[in-house]
Amino acid sequence: MPAAVRKLAISFGMVYIPVALYTAVQERGVRFNQITADGVRVRQKRVREDTGAEVPSAEICKGYEYAKGRYVTITDEELERIQSERDRAIQILHFAPAGSIPPVYYDKSYLCAPDGGDKAYELLRRAMMEEHVVGVGQCVLWNRQDMLALIPEENGIRVQTLFYRQQLRTPTFSAPQAQVTEAEMRMGKQLVQAMTQPYQPENYRDEYEEKLLAAIQRKIDGQEITAAAETRGSVADLMEALQKSLEMQEGRKEPALASVV
């Protein structure tokens with residue numbers, strides 16, 4: 001188990017449950033470094049804005065710009081003093097029906113494990129699971145008060161940070177209300193039904209990463225990286241595209257390749 005990123009507690013009513021948060025996802029993807037044309041690594045440095053001199057990490061502190069070019073420094077110790085015991089605990093404000101939080105509000109995901117108080121932890125998990133609810137709470141995780149959703153799972157509780165309503169942008173545009181015929185709508189719904197199946201995450205993989213690693217290996221071996229073969233067809237008529245897509249679904253469950261131009 002990796003090291004906990006934060007130790008705190010869950011508080012609901014008069015119940016207090018010590019817990020530890022762990023990152024629930026791992027970074028993935030092919031990483032590239034910045035290098036010069038002759039293969040020398042290029043690194044970024046922290047420098048002073050006035051002289052350009054490099055600044056050691058130990059000499060860098062947090063500063064808040066309260067006026068143009070004027071800062072007040074805040075230490076980590078001072079930030080800790082600001083936080084009350086209540087701020088350091090996940091305060092469950094209320095419970096909400098599972099699935100009632102729109103997906104757009106979800107941000108980061110953490111695994112939440114008991115750190116003492118195992119019985120209270122299990123009571124909370126099972127109570128939420130059996131009542132089909134999630135906990136909605138707040139906590140100061142890293143210098144800001146986060147909204148949180150506590151989601152019960154078979155093996156524990158997952159904590160999701162949530163965006164505040166003010167953080168979500170309101171669209172400044174409206175989708176064009178194009179006219180769709182009844183026949184097109186009927187066939188479109190048939191295609192949606194044909195392509196509907198349960199979401200099974202174990203069935204998916206990052207195919208692009210696989211192609212990228214294979215291409216990198218070819219270049220290491222002195223071979224040329226060639227253009228990928230095009231597999232997507234192009235159908236100009238909407239009804240024809242829907243019909244061809246339905247026909248393709250009859251023989252397989254993969255997404256249709258026909259597109260409208």
Side-chain angles (χ1 to χ4, degrees), residues 1-11 16-93 103-116 136-151 156-170 206 208-209 212-213 216:
M1 192 73 172
V5 295
R6 186 81 171 179
K7 290 197 173 187
L8 32 79
I10 297 173
S11 173
Y16 187 83
I17 312 169
V19 295
L21 297 188
Y22 300 85
T23 53
V25 296
Q26 58 184 1
E27 296 295 329
R28 51 166 299 280
V30 179
R31 294 186 60 185
F32 291 99
N33 292 316
Q34 292 182 320
I35 62 171
T36 62
D38 57 350
V40 178
R41 180 79 179 271
V42 176
R43 297 186 181 275
Q44 294 180 334
K45 295 182 178 180
R46 293 183 174 90
V47 298
R48 291 179 59 99
E49 193 176 67
D50 53 356
T51 65
E54 187 174 357
V55 182
S57 298
E59 295 181 12
I60 298 175
C61 54
K62 295 180 177 68
Y64 176 79
E65 187 176 23
Y66 63 92
K68 185 66 175 178
R70 303 194 67 179
Y71 297 86
V72 59
T73 59
I74 300 291
T75 66
D76 291 337
E77 291 76 13
E78 289 171 326
L79 290 173
E80 283 292 324
R81 289 184 212 139
I82 296 170
Q83 297 180 20
S84 66
E85 196 64 34
R86 179 184 175 87
D87 293 325
R88 297 188 184 96
I90 299 175
Q91 301 286 333
I92 295 182
L93 307 176
V104 69
Y105 282 92
Y106 285 104
D107 187 16
K108 293 184 176 63
S109 180
Y110 297 94
L111 299 176
C112 178
D115 193 36
V136 177
Q138 287 182 312
C139 181
V140 176
L141 293 181
W142 286 277
N143 301 329
R144 68 183 183 203
Q145 189 174 45
D146 285 297
M147 287 297 302
L148 304 171
L150 283 71
I151 304 171
I157 296 172
R158 185 176 299 270
V159 172
Q160 293 273 169
T161 60
L162 303 173
F163 292 113
Y164 285 95
R165 177 63 185 86
Q166 301 92 318
Q167 292 179 269
L168 300 183
R169 290 182 175 177
T170 302
D206 187 343
Y208 175 74
E209 182 178 12
L212 179 57
L213 288 171
I216 290 172

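In this chain, residues are counted from 1 in sequence order.
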TODO: Would you indicate whether the side-chain heavy atoms of Gln160 and Ile151 approach each other to under 4.5 Å?
DONE: yes
TODO: Mind checking salt bridge (Lys or Arg N to Asp or Glu O under 4.0 Å) for Asp38 and listing every partner two or more places apart, or none if nothing turns up?
DONE: none
- [ ] For residues Tyr22 and Val5, determine if any side-chain heavy atom of one lies less than 4.5 Å from a side-chain heavy atom of the other.
- [x] no
Open item on the list: Any heavy-atom pair between the side chains of Ile92 and Leu150 that's under 4.5 Å?
Closed with: yes
- [ ] Could you tell me whether the side chain of Thr73 and the main chain of Gly63 form a donor-acceptor pair under 3.5 Å?
- [x] no
Open item on the list: Before you tell me yes or no, could you show the steps for Arg158 and Leu111 under side chain to side chain contact (heavy atoms under 4.5 Å, CB included), namely the whole-Å CA-CA distance, both residues' side-chain angles and the distance that decides it to 0.1 Å?
Closed with: CA-CA 5 Å; Arg158 185 176 299 270; Leu111 299 176; 3.7 Å; yes
Task: Sub-4.5 Å side-chain heavy-atom contact between Asp115 and Lys7 - done: yes
Task: Test log, rule side chain to side chain contact (heavy atoms under 4.5 Å, CB included), inputs Gln145 and Tyr164 - done: CA-CA 10 Å; Gln145 189 174 45; Tyr164 285 95; 4.0 Å; yes
Task: Interatomic spacing from CD in Gln91 to SG in Cys139 - rounded to 0.5 Å - done: 8.0 Å
TODO: Indicate yes or no: at least one non-hydrogen side-chain atom of Val30 is less than 4.5 angstrom from one of Glu209.
DONE: yes
- [ ] Kindly indicate whether the side chain of Phe163, heavy atoms from C-beta on, has any atom under 4.5 Å from the side chain of Val104.
- [x] no
Open item on the list: I want to check something: taking the side chain as every heavy atom from C-beta on, are Thr23 and Ser109 in contact at a cut-off of under 4.5 Å?
Closed with: no
TODO: Measure the CD1-CD1 distance between Ile10 and Ile17 for me, rounded to the nearest 0.5 Å.
DONE: 5.0 Å
Open item on the list: Are there over 12 heavy-atom neighbours, none belonging to Gln34, within less than 6.0 Å of that residue's CD?
Closed with: no
- [ ] Give a yes or no on whether Arg41 atom CZ has more than 12 heavy-atom contacts from other residues, nucleotides or ligands under 6.0 Å away.
- [x] yes
Open item on the list: Is any side-chain heavy atom of Val159 closer than 4.5 Å to one of Leu21?
Closed with: yes
Open item on the list: Please check if the number of heavy atoms outside Tyr64 that lie under 6.0 Å from its OH is greater than 12.
Closed with: no
- [ ] Output the distance between atom CG (Leu212) and atom CZ (Phe32), rounded to the nearest 0.5 Å.
- [x] 4.5 Å
Task: Approximate separation, where rounding is to 0.5 Å, of Arg144 CZ and Gln138 CD - done: 13.0 Å
- [ ] Give the minimum heavy-atom separation between Ile90 and Leu8, together with the two atoms involved.
- [x] CD1-CD1, 3.7 Å
Task: Distance (rounded to the nearest 0.5 Å) between Gln167 CD and Met147 CE - done: 11.0 Å
Task: Full working for side chain to side chain contact (heavy atoms under 4.5 Å, CB included) between Asp107 and Leu162 - done: CA-CA 5 Å; Asp107 187 16; Leu162 303 173; over 6 Å; no
- [ ] Answer yes or no: is there a donor N or O on one side and an acceptor on the other, between the side chain of Glu59 and the main chain of Pro56, under 3.5 Å?
- [x] no
- [ ] Could you walk me through whether Ile157 and Tyr110 pass the side chain to side chain contact (heavy atoms under 4.5 Å, CB included) test, one step at a time?
- [x] CA-CA 9 Å; Ile157 296 172; Tyr110 297 94; over 6 Å; no
Open item on the list: If I take atom CZ from residue Arg6 and atom SG from residue Cys112, how far apart are they, to the nearest 0.5 angstrom?
Closed with: 13.0 Å
